[in-house]
K.L.:
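Mind having a look at this structure? Questions to follow.
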Amino acid sequence: MQAYVDSELSPSDRVILEQHLAGCAHCADQVKRHRRLSADLFESFSEFRLSRNLRTPVLEHLPEMEVLKADLGDVNRRTKNPITPTARAARLLPVAAVAILLIFGFMINLYWPRRPVDMSSLGVIMQAKGHTARVPDSGTDWLTAYAEERVRPGDRFETGDDSTLMVGLKGSTVMKLNARSRIKIDTERRVNLETGEIWLDVGRDGQLFRVITPDGSVTVFGTAFTVRVLKGTTTVAVQRGEVLVGSETSFTNLRPGERVSIKVDHSLTKPESVEPDSIAAWAKAIVPEESADAAYKALVLAQTAKTELAAQEVFFVDTSMGGHKWAIRAINVYWEDDEFVSGHCAYDVYVYNDQMAPLFKDRIAASVLDIKGKNVLEITVPGAPIQNVRWLFVRLVPDLSEGRVEAKGLNVRALASQL
């Protein structure tokens, strides 16, 4: 294709390629890409281009060629005095010198320090099949997605009919998009699924991973699962590990072989059993290209700096103090003052009973943690007070989309009245 762009093809090869391009949109896009790259290179080196043609002045200053004539005396002399091994070795010295320079150049190229991996990348496109498109965060035009391209914050991806996409993200997370899917990648640990279906194998690196959908959110700490958004309903199925699925009003925990849906009214269906192997049946056929897989591994192995993030805080509250029965009417969350006046993260609060059944959820806004001198927030139990439970489990999960500073000294206590 580059030879075609550079007008280096023979007339017959040019006709064959142009006939193929007329019926192949994918190759036509690649030719456009080659032309754009050639144009960019041509403009980038414009200051080094010659302003005049050197052909004429070079030809004018070439020395005249001497007409060679056979010298019979010289021929007879060389026949009677053949070249000795020493003389022959002397003639090979220039060839040997060139060979040594080539070997030296090869060794320099082999051991010369390589350009460091671009650490601003979130990941690498590992496979792009069919009509797959992407739009960078700074742009508006959809472009064809290609394997080995780097993924950056804010990139959007879309797959068409009979198309699939595979992306490797930092943190050893692999994401596969089914056909007719659209997603935005905020960070290596947060993606927004707008429509369609994805399969994720989230790496365990001590950090949260969130999938945001129009109906709710999925929070995981290292697992394999699928998320599907279709006709206003989000469906989550777990193949391996544990997933917390939440909407605006309710939440639940899923274990391997379970599936749940968030309905249009933001309520959750009751978890149902599903065959774990069938969850990712469509994703098994999506495999990385060899060169793209090597590029992704290089990106992951190049990470030297790790960000320390607390995955979650789980608190155990005894509601049977003194042997009495208590009615829990609120939960108090405490924290310590720190030196930061802004940049705190928010927290999602999940409350379970002694059977680990979900009771209610709430949220601590980042702005609350920014207030100096305020070290407690009272979260009222919705509806009637909680009764007839021996224990409460309270899980605080940081949401880093609002800030990166986590609260110090978190603690939880229950406010109750004796029955």
Side-chain angles (χ1 to χ4, degrees), residues 190-195 197-198 200 202 208-221 223 225-238 241-274 279 311-317 319 327-333 345-366 368 377-399 401-402 412 414-415:
R190 182 186 177 95
V191 299
N192 281 267
L193 177 60
E194 299 174 9
T195 186
E197 184 176 23
I198 60 174
L200 285 136
V202 178
L208 288 169
F209 192 101
R210 286 180 182 265
V211 180
I212 309 300
T213 75
D215 311 298
S217 65
V218 182
T219 304
V220 300
F221 300 95
T223 182
F225 63 103
T226 62
V227 183
R228 184 177 67 233
V229 176
L230 183 63
K231 296 181 180 179
T233 300
T234 295
T235 302
V236 182
V238 179
E242 183 179 353
V243 167
L244 192 159
V245 181
S247 66
E248 292 182 357
T249 57
S250 56
F251 69 98
T252 188
N253 286 66
L254 291 184
R255 292 172 176 80
E258 292 185 335
R259 178 173 60 195
V260 73
S261 295
I262 306 175
K263 297 187 292 186
V264 178
D265 61 357
H266 299 291
S267 62
L268 271 64
T269 61
K270 185 178 179 181
E272 59 179 352
S273 298
V274 62
I279 293 174
Q312 61 180 338
E313 296 277 358
V314 180
F315 298 92
F316 172 78
V317 181
T319 62
I328 309 301
R329 60 181 179 84
I331 300 292
N332 273 1
V333 180
C345 66
Y347 281 87
D348 291 318
V349 182
Y350 301 93
V351 182
Y352 305 80
N353 65 10
D354 47 8
Q355 303 299 316
M356 286 304 294
L359 295 178
F360 71 93
K361 64 171 292 189
D362 211 306
R363 185 175 175 85
I364 303 175
V368 174
L377 177 67
E378 181 176 312
I379 300 175
T380 304
V381 174
I386 301 172
Q387 301 182 34
N388 302 319
V389 295
R390 181 174 176 80
W391 318 102
L392 285 182
F393 293 91
V394 182
R395 173 179 282 172
L396 304 181
V397 179
D399 183 357
S401 64
E402 295 190 28
V412 173
L415 294 180

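Remember, predicted model here, so these are calculated numbers, not experimental data.
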K.L.:
Which heavy atom of Phe209 sits nearest to which heavy atom of Val202, and what is that distance?
P.N.:
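That closest heavy-atom pairing would be CB-CG1, 3.7 Å.
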K.L.:
Taking C-beta and beyond as the side chain, do Ile198 and Val211 meet within less than 4.5 Å on heavy atoms?
P.N.:
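When only atoms from C-beta onward are counted, Val211 and Ile198 do touch, with a gap below 4.5 Å.
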K.L.:
With rounding to the nearest 0.5 angstrom, report the CG to CD1 distance, Leu415 to Ile328.
P.N.:
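Atom-to-atom, Leu415:CG and Ile328:CD1 are 8.5 Å apart.
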K.L.:
Taking Asp354 for the side chain and Arg390 for the main chain, is one N or O donor matched with an acceptor at less than 3.5 Å?
P.N.:
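Between the backbone of Arg390 and the side chain of Asp354 there is a qualifying donor-acceptor contact (under 3.5 Å).
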K.L.:
Where do Asp348 and Arg363 come nearest, in terms of heavy atoms and distance?
P.N.:
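Shortest heavy-atom contact: OD1-NH1, 2.7 Å.
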K.L.:
Please lay out, stage by stage, how Arg395 and Lys361 fare under the test side-chain contact (heavy atoms from CB on, under 4.5 Å).
P.N.:
CA-CA 10 Å; Arg395 173 179 282 172; Lys361 64 171 292 189; over 6 Å; no
K.L.:
So, for Ile262 and Gly216, which heavy atoms are closest and what is the spacing to 0.1 Å?
P.N.:
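Where Ile262 meets Gly216 most closely, the heavy atoms are CD1-CA, 4.0 Å.
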K.L.:
Evaluate the criterion side-chain contact (heavy atoms from CB on, under 4.5 Å) for residue pair Val397 and Arg210; output intermediate values, then yes/no.
P.N.:
CA-CA 11 Å; Val397 179; Arg210 286 180 182 265; 3.4 Å; yes
K.L.:
Which distance, rounded to the nearest 0.5 Å, do you find between the CD1 of Ile379 and the CZ of Phe360?
P.N.:
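One finds 6.5 Å between CD1 of Ile379 and CZ of Phe360.
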K.L.:
Using every non-hydrogen atom in the two residues, find where Ala327 and Pro385 come nearest and quote the distance to one decimal.
P.N.:
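Reported closest heavy-atom pair: CB-CB, 4.0 Å.
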K.L.:
Please assess Arg190 against Ile212 for the test side-chain contact (heavy atoms from CB on, under 4.5 Å), listing each intermediate value before the final yes or no.
P.N.:
CA-CA 8 Å; Arg190 182 186 177 95; Ile212 309 300; 3.7 Å; yes
K.L.:
Return the CD1 to CG distance between Ile364 and Leu396, rounded to the nearest 0.5 Å.
P.N.:
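Ile364 CD1 to Leu396 CG: 5.5 Å, rounded to 0.5 Å.
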K.L.:
Just do the side-chain contact (heavy atoms from CB on, under 4.5 Å) check on Thr380 and Glu378 with the steps written out, would you?
P.N.:
CA-CA 6 Å; Thr380 304; Glu378 181 176 312; 4.2 Å; yes
K.L.:
What heavy-atom pair brings Cys345 and Pro398 nearest, and what distance separates the two atoms?
P.N.:
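Distance-wise, the nearest heavy atoms are SG-CB, 3.8 Å.
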K.L.:
So Phe225 and Leu254, do their side chains get closer than 4.5 Å, heavy atoms only?
P.N.:
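Of all side-chain heavy-atom pairs linking Phe225 with Leu254, none is under 4.5 Å.
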K.L.:
As an exercise, state the distance from CD1 of Ile331 to CG of Leu359, rounded to the nearest 0.5 Å.
P.N.:
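Output value for this atom pair is 9.0 Å.
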K.L.:
To check you understand the geometry: which heavy-atom pair defines the closest contact between His266 and Pro214, and what is its length?
P.N.:
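What the structure gives for the nearest pair is CE1-O, 4.3 Å.
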K.L.:
What distance do Thr235 atom OG1 and Lys263 atom NZ have between them, rounded to the nearest 0.5 Å?
P.N.:
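Interatomic distance, Thr235 OG1 to Lys263 NZ, rounded to 0.5 Å: 11.5 Å.
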K.L.:
How far apart are the C-alpha atoms of Asn253 and Tyr352, what are their side-chain angles, what is the distance that settles it, and do they pass the side-chain hydrogen bond (donor to acceptor under 3.5 Å, both in side chains) test?
P.N.:
CA-CA 10 Å; Asn253 286 66; Tyr352 305 80; 2.7 Å; yes
K.L.:
For the side chain of Thr269 and the backbone of Ser261, is there at least one donor-acceptor N/O pair under 3.5 Å apart?
P.N.:
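Yes, the answer is positive, given that a donor and an acceptor are paired below the 3.5 Å cut-off.
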K.L.:
Atom CD of residue position Glu248 - does it have more than 12 heavy atoms of other residues, nucleotides or ligands inside 6.0 Å?
P.N.:
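Check fails, neighbour count at 12 or below.
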K.L.:
Taking atom CD1 of Ile279 and atom CZ of Arg259, what is their separation to the nearest 0.5 Å?
P.N.:
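Those atoms lie 8.0 Å apart.
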